[in-house]
Visitor: 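Got a structure for you, written out below as C-alpha cells; questions coming shortly.
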Amino acid sequence: MWFLFAAASALCFGLRGILYQWTSQRPIDRNLLLLGVYASGTLIALFAAAVTGQAWTKPVWIGMLLGLFSFISNAAMYKGYSVGKASLVAMFTGLPPVVVVLFAYVLWGEKLNTAQLAAFIVIVAGILMIRYSNDISLKNLQGAHWGAITMLFFGLTDLSSKQATLIGAATLPTLALMYGTGSLLFAASWLLGRKQEAFARAATRIGREEAAAGKEEASDSPVCTAASAAATGSGPAPAIARGWSPGHTLIWGMFVGITNVCGMILAMPAFAAGVTGLVSVVIAMNVVLVLFYARFGLKEKFSRLESGGLLLALIGIIVLRLAA
C-alpha cells in the first residue's frame with residue numbers, strides 16, 4: 001500500500017514540477033509565488049483538519065520543523081540556480097534519497113535488503129542520468145555548496161515527515177503548521193526583497209540626479225541635452241518587460257499549491273507504512289513526469305542519456321515492486 005501512496009504523491013509533485021517549469025518562463029517574483037503555494041497549503045490543510053476532526057496534539061508541532069526545512073531547501077535551490085550552474089544544482093536535487101537512506105539507518109536502524117538496495121541504486125542512477133548535463137565539470141563547481149544544502153534539507157524534510165508519523169502526529173494539523181511556517185518565512189523573504197529593490201531604485205535615481213546636475217553647465221548643447229534627458233529618464237527609454245502583478249502571482253501560486261499539498265497528504269501515509277529511503281526515491285521519480293512534459297508538451301527531444309536514465313528508473317521501479 002505504501003507504494004501506491006508514494007506513486008500518487010510522485011504524480012502530484014510531477015504536476016507541480018510541470019507548473020513550475022511553465023511558470024519559470026514568466027517574469028515573476030519567486031518568493032511571492034512560493035508564498036502563494038504555501039498559503040494555499042495552509043488553508044487546505046486547516047480546512048481538511050477541521051472537517052476530519054484530527055487532533056491538534058503536541059506531536060503536530062513538528063510541522064514547524066518541516067516548514068523550516070522546506071523553506072531552507074527551496075531558498076537554497078533558487079539561490080543556487082541564480083548564482084551557480086543550473087545543471088549542477090539540478091544534479092543535487094536528485095540526491096536527497098541518498099541522504100534519507102543514510103540518516104534512516106543511523107536514526108532508526110532501517111536497512112534495505114539486497115533487492116531493495118539494487119532497486120534503490122538503479123532508480124537513483126536513472127534520476128541522475130536524467131538530470132545530468134554535459135556542461136558539468138569538476139573544474140567548474142559554481143553553486144555546488146547551494147546544491148549540497150538543497151540536497152541535505154530536502155532529505156531532512158523527508159526524514160522529518162517520517163518522524164512525524166513515528167511520534168503519532170496527525171497528518172493534516174502537522175501539514176497546516178508546516179505550510180503556515182513556510183508561508184511566514186516566504187512572506188518575510190518577499191518583503192525583504194521588496195525593501196532591497198526599493199533601496200536599489202532609490203540609489204539609482206540619486207545617481208542619475210547627481211549625474212544630471214553635473215552636466216547642467218553643458219545643457220545648451222543639443223547633444224548634451226539629449227544625453228541629459230536620457231540620463232534623467234525624461235527622454236525616450238527602451239521598453240522593459242513587465243512582470244506579473246503581485247495579485248496575479250499570488251493567486252497562481254495558490255493554484256500550484258493544490259498539487260503540492262496533495263502530494264504531501266499522500267506522502268505522509270507512505271512514510272508511515274514504508275521504508276523511508278524507498279518512499280523517498282519513489283517520490284523523487286516525479287522528475288519522470290516533468291521529462292515527459294518536456295518531450296510531448298514542449299516538443300523537446302530526449303537525449304540518449306535521458307532515455308537511458310528513464311529506462312533505468314523504470315527498471316528500478318519494477319525491481320522494487322517485485323521485491324515488495
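Just so it is clear, the structure is predicted and the values come from calculations on it, not from any experiment.
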Visitor: Among L250, L19, I28, whose side-chain contact (heavy atoms from CB on, under 4.5 Å) with L33 holds?
Guide: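 Result for side-chain contact (heavy atoms from CB on, under 4.5 Å) with L33: I28.
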Visitor: Less than 6.0 Å separating the ring centroids of F255 and W252?
Guide: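 Yes, they do, as the ring centres are separated by less than 6.0 Å.
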Visitor: With heavy-atom distances below 4.5 Å as the criterion, would you say the side chains of L4 and M1 are in contact?
Guide: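 Yes, their side chains come closer than 4.5 Å.
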Visitor: Dump the intermediate steps for side chain to side chain contact (heavy atoms under 4.5 Å, CB included) on L95 and V98, then the final yes or no.
Guide: CA-CA 6 Å; L95 289 173; V98 177; 4.1 Å; yes
Visitor: What about M64 and L68, same hydrophobic cluster or not, with Ile/Leu/Val/Met/Phe/Trp/Tyr joined at side-chain heavy-atom distances under 4.5 Å?
Guide: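 Shared cluster, no.
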Visitor: If you take all heavy atoms of P173 and A55, which pair is closest and at what distance?
Guide: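 So the two residues come closest at CG-O, 3.7 Å.
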Visitor: Using a 4.5 Å cut-off on heavy atoms from C-beta on, say whether the side chain of L310 contacts that of F292.
Guide: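 In contact.
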Visitor: Pair V51, F47 - check side chain to side chain contact (heavy atoms under 4.5 Å, CB included), show working.
Guide: CA-CA 6 Å; V51 170; F47 177 77; 3.8 Å; yes
Visitor: Let me confirm one number: the CG-CD1 distance from L291 to I18, rounded to the nearest 0.5 Å.
Guide: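 With rounding to 0.5 Å, CG (L291) is 10.5 Å from CD1 (I18).
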Visitor: Which heavy-atom pair separates S73 from T157 by the least distance, and what is that distance?
Guide: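 Smallest heavy-atom distance, with atoms named: OG-OG1, 4.5 Å.
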Visitor: Could you tell me the separation between the NZ atom of K79 and the CZ atom of R30, rounded to the nearest 0.5 Å?
Guide: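 Between K79 NZ and R30 CZ, I get 13.5 Å after rounding to 0.5 Å.
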Visitor: Taking the side chain as C-beta and beyond, is there a heavy-atom pair between S307 and R304 under 4.5 Å?
Guide: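 Side chain of S307 against side chain of R304, heavy atoms only: no contact under 4.5 Å found.
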Visitor: With a 4.5 Å heavy-atom cut-off, do V319 and V122 have their side chains touching?
Guide: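 Side chain of V319 against side chain of V122, heavy atoms only: no contact under 4.5 Å found.
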Visitor: Can you tell me how far the CG atom of L311 sits from the CE atom of M129, to the nearest 0.5 Å?
Guide: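 So the gap between those two atoms works out to 8.5 Å.
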Visitor: Is it the case that atom CZ in R194 sees more than 12 heavy atoms from other parts of the structure closer than 6.0 Å?
Guide: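 No, the 6.0 Å shell around CZ holds no more than 12 heavy atoms from other groups.
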Visitor: Find the distance between CH2 (W108) and CZ (F103) and round it off to the nearest 0.5 Å.
Guide: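 Nearest 0.5 Å value for the CH2-CZ distance: 10.5 Å.
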Visitor: Please check if any side-chain donor atom of D29 sits under 3.5 Å from a side-chain acceptor atom of T249, or the reverse.
Guide: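 Side-chain D/A pair, D29 to T249: absent.
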Visitor: Tell me if a side-chain donor or acceptor on Q54 pairs with a main-chain N or O of A49 at a distance below 3.5 Å.
Guide: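 Between the backbone of A49 and the side chain of Q54 there is no qualifying donor-acceptor contact (under 3.5 Å).
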Visitor: Does any part of the side chain of I167, heavy atoms only, come nearer than 4.5 Å to the side chain of Q163, both counted from C-beta?
Guide: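 When only atoms from C-beta onward are counted, I167 and Q163 do touch, with a gap below 4.5 Å.
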Visitor: Return the CG to CG distance between L66 and L156, rounded to the nearest 0.5 Å.
Guide: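 Reported to 0.5 Å precision, the distance equals 10.0 Å.
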Visitor: In the structure I gave you, are the side-chain heavy atoms of T93 and M151 within less than 4.5 Å of one another anywhere?
Guide: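 They are not in side-chain contact.
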Visitor: Answer yes or no: is there a donor N or O on one side and an acceptor on the other, between the side chain of S183 and the main chain of Y38, under 3.5 Å?
Guide: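 Checking the backbone N and O of Y38 against the side chain of S183, a donor-acceptor pair under 3.5 Å is found.
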Visitor: If hydrophobic clusters are built by linking Ile, Leu, Val, Met, Phe, Trp and Tyr wherever their side-chain heavy atoms come under 4.5 Å apart, do L43 and V60 end up in the same one?
Guide: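 Hydrophobic grouping puts L43 apart from V60.
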Visitor: Quick one: closest heavy-atom pair of T174 and A169, and the distance?
Guide: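 Looking at all heavy atoms of both residues, the closest pair is OG1-CB, 3.3 Å.
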Visitor: If you take all heavy atoms of G67 and L185, which pair is closest and at what distance?
Guide: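 For G67 and L185, the tightest heavy-atom pair comes out as O-CD1, 4.4 Å.
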Visitor: Backbone N or O of I283 within a donor-acceptor pair of the N286 side chain at under 3.5 Å?
Guide: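 Present.
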Visitor: Taking side chain as C-beta onward, heavy atoms only, is L312 less than 4.5 Å from I123?
Guide: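 The answer is no, as the side chains (C-beta and beyond) never meet within the 4.5 Å cut-off.
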Visitor: Go through it in stages, so that I can follow the logic: the residues are M264 and F13, the test is side chain to side chain contact (heavy atoms under 4.5 Å, CB included), and I'd like the CA-CA distance, side-chain angles, deciding distance and then a yes or no.
Guide: CA-CA 9 Å; M264 282 302 300; F13 287 135; 4.0 Å; yes
Visitor: With a sphere of 6.0 Å drawn around CZ of F199, does it hold more than 12 non-hydrogen atoms of other residues, nucleotides or ligands?
Guide: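 Incorrect, the count does not exceed 12.
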Visitor: Are L314 and V281 co-members of a hydrophobic cluster defined by side-chain heavy atoms under 4.5 Å apart?
Guide: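 They do share one cluster, since a chain of ILVMFWY contacts under 4.5 Å joins V281 to L314.
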Visitor: Using modelled atom types only, decide if a donor and an acceptor are shared between the side chain of K162 and the backbone of V100 within a distance under 3.5 Å.
Guide: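 Such a contact is absent between K162 side chain and V100 backbone.
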Visitor: Identify the two heavy atoms, one from S9 and one from G263, that lie closest to each other, and give their separation to 0.1 Å.
Guide: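 What the structure gives for the nearest pair is OG-O, 2.8 Å.
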Visitor: Donor-acceptor pair, distance only, cut-off 3.5 Å: does the side chain of T150 make one with the backbone of W146?
Guide: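 Between the backbone of W146 and the side chain of T150 there is a qualifying donor-acceptor contact (under 3.5 Å).
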Visitor: If you look at every heavy atom in A176 and W56, which pair is closest and at what distance?
Guide: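 That would be CB-CH2, 3.8 Å.
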Visitor: Any donor-acceptor pair under 3.5 Å linking the side chain of S40 with the backbone of V37?
Guide: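 Between the backbone of V37 and the side chain of S40 there is no qualifying donor-acceptor contact (under 3.5 Å).
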Visitor: Ignoring hydrogens and angles, tell me if any N or O in the side chain of Q116 forms a donor-acceptor pair with the backbone of N113 under 3.5 Å.
Guide: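 Yes.
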Visitor: If you measure from CG on L289 to CZ on R16, what distance do you get to the nearest 0.5 Å?
Guide: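 Answer for the CG-CZ pair, L289 versus R16, is 11.5 Å.
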Visitor: Ring-plane angle category for W244 and W22, please: parallel below 30°, perpendicular beyond 60°, tilted otherwise.
Guide: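 Tilted.
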Visitor: Indicate yes or no: at least one non-hydrogen side-chain atom of Y78 is less than 4.5 angstrom from one of L34.
Guide: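 Result yes, sub-4.5 Å side-chain heavy-atom pair found.
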Visitor: Going hydrophobic residue to hydrophobic residue with side-chain gaps under 4.5 angstrom, can you get from F296 over to V287?
Guide: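 Looking at the clustering, V287 is in the same group as F296.
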Visitor: Passes side chain to side chain contact (heavy atoms under 4.5 Å, CB included), L112 versus V275? Steps please.
Guide: CA-CA 8 Å; L112 305 181; V275 178; 3.6 Å; yes
Visitor: Report whether L266 and V288 are members of the same hydrophobic cluster (ILVMFWY, side-chain heavy atoms less than 4.5 Å apart, transitive linking).
Guide: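 Different clusters.
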Visitor: Within the side chain of T276, is there an N or O that forms a donor-acceptor pair under 3.5 Å with the backbone of A104?
Guide: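 Not a single qualifying donor-acceptor pair exists.
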